[in-house]
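Note on naming: letters A, B, ... go to the chains in the order of the sequence lines (proteins, then strands), and numbering restarts at 1 for each one. Bear in mind the structure is a predicted one, so any value in this text is a computation, not a measurement.
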Protein chains: 2
Amino acid sequence: MASHRRMGPSDSATSNALLDATERVLRNDGYGAATSRRVAQEAGLKQQLVYYYFRTMDDLLLACFRRRTERALVRLEQDAASEHPVQAIWQTLSNASDGKLSFEFMALANHHEGVREEVARFVTESRRIETAAIARLQGERATDTGPVTPAAVAFLLSTVTLMLGREAATGIDEGHKDVRALIEWALGKFD
Amino acid sequence: MASHRRMGPSDSATSNALLDATERVLRNDGYGAATSRRVAQEAGLKQQLVYYYFRTMDDLLLACFRRRTERALVRLEQDAASEHPVQAIWQTLSNASDGKLSFEFMALANHHEGVREEVARFVTESRRIETAAIARLQGERATDTGPVTPAAVAFLLSTVTLMLGREAATGIDEGHKDVRALIEWALGKFD
DNA sequence: GTCTATACACCGATAGAC
DNA sequence: GTCTATCGGTGTATAGAC
């Protein structure tokens, strides 16, 4: 039974302000704090507007994640098409990857069907792009990289940057210097 | 101003049942669902008993995490003292590491001071144990491992197993076969 | 497009009887 | 150690006026 409640446009200034506010709340206080009242307050809007622009809180969370992945994929494709794709991707992920937010969405994916599917789609797609870029380099150089395959490097690129950023945010730096050197050594085999 | 409310023992059958129930709730529905009523229901107990055994919900969550890390460190020390420490740790982390629960606690750490400190303590301590075990092997063999240092391997051991398990649970397997082969190759340099 | 008003459920936490 | 009862607050979501 569909609701008869009215709905607002999906790309207005107000809806984007709500998405921005949602990101801030997730970053600062986690998904447990991402309530309609809290998000609206963060955006300086009334609580009920959340339901005008997004049918449910689940929809808001999903839209928030989708906006982020779309932007990330655009950037990733730019990096992959650049002169030194592997270095560019490594730099982008090392600097920009917002570990706190990513983790919040990954935890959310554990019990939010829509987010889970979107996370799977995003990871699969971005790893596909990364693997292709690395394989292209390998083809050009024709060097033997042994077990350091494009797919393995793509996995390490994304997961190691994520974990480095997250641990640093938690006050951990055990082994970070060494692993950074190791990854850069592995990357050097391609680019 | 301290509360005058009475408190129960911290290692009774009932308090452990509550901790078990908390783990199940976190695993199935995330920390947002870990409410006193929900946890009590899961344990077949009354909601108010949560506050008899644990002062606040934050305390319950923290106790739940502490119990897990204590058990994990015991197991890690056993593995580190075994004949093939690196292989043993890799196997234990690959099989037993409960990715969903770990992620839930890591996300929780983002905005829960007590859990954040405990996560930092646990990661630092376990990585220290792993690094020592790997370095001991390196000393015995006296082989040159280049950039594949004990600290780097320790970082990869814990983070790669965590991410492999988590992605598998989300329905992702992009690059998993390759990265497993790569890690096992790196481990072979030591053990 | 934004407002007021409101429904109804669930939250953490406490008091005090048994 | 476990129970009943309960407080004040907050949650999602909707109806309907402006």
Side-chain angles (χ1 to χ4, degrees), chain A residues 1-22 24-26 28-64 104 107-108 111-115, chain B residues 1-22 24-26 28-65 104 108 111-115:
Chain A
M1 205 56 68
S3 167
H4 292 169
R5 183 152 46 83
R6 292 179 301 158
M7 284 278 293
S10 56
D11 197 31
S12 66
T14 309
S15 74
N16 269 299
L18 286 170
L19 293 175
D20 291 341
T22 305
R24 285 198 298 278
V25 172
L26 287 174
N28 296 332
D29 300 302
Y31 69 76
T35 68
S36 57
R37 288 178 217 260
R38 181 86 166 65
V39 166
Q41 184 194 34
E42 186 77 26
L45 298 168
K46 296 283 175 180
Q47 179 243 348
Q48 294 86 340
L49 281 180
V50 170
Y51 297 98
Y52 175 67
Y53 287 97
F54 304 91
R55 270 174 6 103
T56 64
M57 284 306 293
D58 274 6
D59 284 5
L60 170 62
L61 260 8
L62 189 54
C64 186
E104 217 58 48
L108 196 55
H111 46 93
H112 184 306
E113 186 63 15
V115 171
Chain B
M1 205 58 66
S3 167
H4 293 167
R5 184 152 44 86
R6 292 179 300 159
M7 284 278 294
S10 56
D11 198 30
S12 65
T14 309
S15 75
N16 269 299
L18 286 170
L19 292 175
D20 291 341
T22 304
R24 284 198 298 276
V25 172
L26 287 175
N28 296 333
D29 300 302
Y31 68 76
T35 68
S36 59
R37 288 171 219 263
R38 180 86 166 65
V39 166
Q41 185 194 33
E42 186 76 26
L45 298 168
K46 296 282 175 181
Q47 179 242 349
Q48 293 87 339
L49 282 180
V50 171
Y51 297 98
Y52 175 69
Y53 287 98
F54 304 90
R55 267 172 10 100
T56 63
M57 283 306 293
D58 274 6
D59 284 4
L60 170 62
L61 259 9
L62 190 55
C64 185
F65 184 65
E104 216 58 50
L108 196 54
H111 47 92
H112 185 304
E113 187 62 14
V115 172

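Atom C1' of nucleotide D:dA13 and atom CE of A:Met7 are separated by 13 Å, given to the nearest angstrom. Between the CZ atom of B:Arg5 and the P atom of D:dG1 there is a distance of 15 Å, given to the nearest Å. The nearest whole Å value for the distance from the CE atom in A:Met57 to the P atom in D:dA13 is 8 Å. Nucleotide D:dG11 holds its C1' atom 13 Å from the CG atom of A:Asp58, rounded to whole Å. Separating the NE2 atom of B:His112 from the P atom of C:dG12 is a distance of 12 Å, rounded to the nearest angstrom. Atom CG of B:Asp59 and atom C1' of C:dG12 are 13 Å apart (whole Å).
Of the two residues near DNA chain D, B:Tyr53 and B:Arg37, the one whose nearest nucleotide lies more 5' is B:Tyr53.
Set against D:dA13, D:dT12, C:dG12, the side chain of A:Thr56 has D:dA13 as its closest nucleotide.
Within a heavy-atom distance below 4.0 Å of DNA chain C, the residues of residues 8-20 of chain A found are A:Pro9, A:Thr14. Contact check of residues 39-51 of chain A against DNA chain D (heavy atom, cut-off under 4.0 Å) returns A:Gln47, A:Gln48, A:Tyr51.
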Every protein N/O within reach of nucleotides 16-18 of chain C N/O, cut-off under 3.5 Å:
{"from": "C:dA17", "atom 1": "N6", "to": "B:Arg6", "atom 2": "NH2", "distance (Å)": "3.3"}

Contacts table for residues 43-51 of chain A: side-chain donor-acceptor under 3.5 angstrom, sequence neighbours left out:
{"from": "A:Gln47", "atom 1": "NE2", "to": "A:Ser36", "atom 2": "OG", "distance (Å)": "3.1"}
{"from": "A:Tyr51", "atom 1": "OH", "to": "A:Ser36", "atom 2": "OG", "distance (Å)": "3.3"}

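Legend: residues meeting side-chain hydrogen bond (donor to acceptor under 3.5 Å, both in side chains) with B:Asn28, ordered by chain and number and at least two apart, are absent. Checked against salt bridge (charged side-chain N to carboxylate O under 4.0 Å, His left out), B:Asp59 has the following partners two or more places apart in sequence or in another chain: B:Arg55. With sequence neighbours excluded, no residue satisfies side-chain hydrogen bond (donor to acceptor under 3.5 Å, both in side chains) with B:Tyr52. With sequence neighbours left out, the ring-ring contact (aromatic ring centres under 6.0 Å, His included) criterion links B:Phe54 to no other residue. Here A:His112 pairs with nothing under the ring-ring contact (aromatic ring centres under 6.0 Å, His included) rule; sequence neighbours left out. A search for side-chain hydrogen bond (donor to acceptor under 3.5 Å, both in side chains) contacts involving A:Arg24 returns A:Glu42, not counting sequence neighbours. Qualifying salt bridge (charged side-chain N to carboxylate O under 4.0 Å, His left out) partners for A:Asp58, counting only residues two or more places apart in sequence or in other chains: none. In this structure, A:Thr35 has no side-chain hydrogen bond (donor to acceptor under 3.5 Å, both in side chains) partners at least two apart in sequence or on a different chain.
Taken to the nearest 0.5 Å, the OG1 atom of B:Thr22 stands 7.0 Å off from the CG atom of B:Leu61.
Taking the centre of each ring, A:Tyr31 and A:His111 come in below the 6.0 Å mark.
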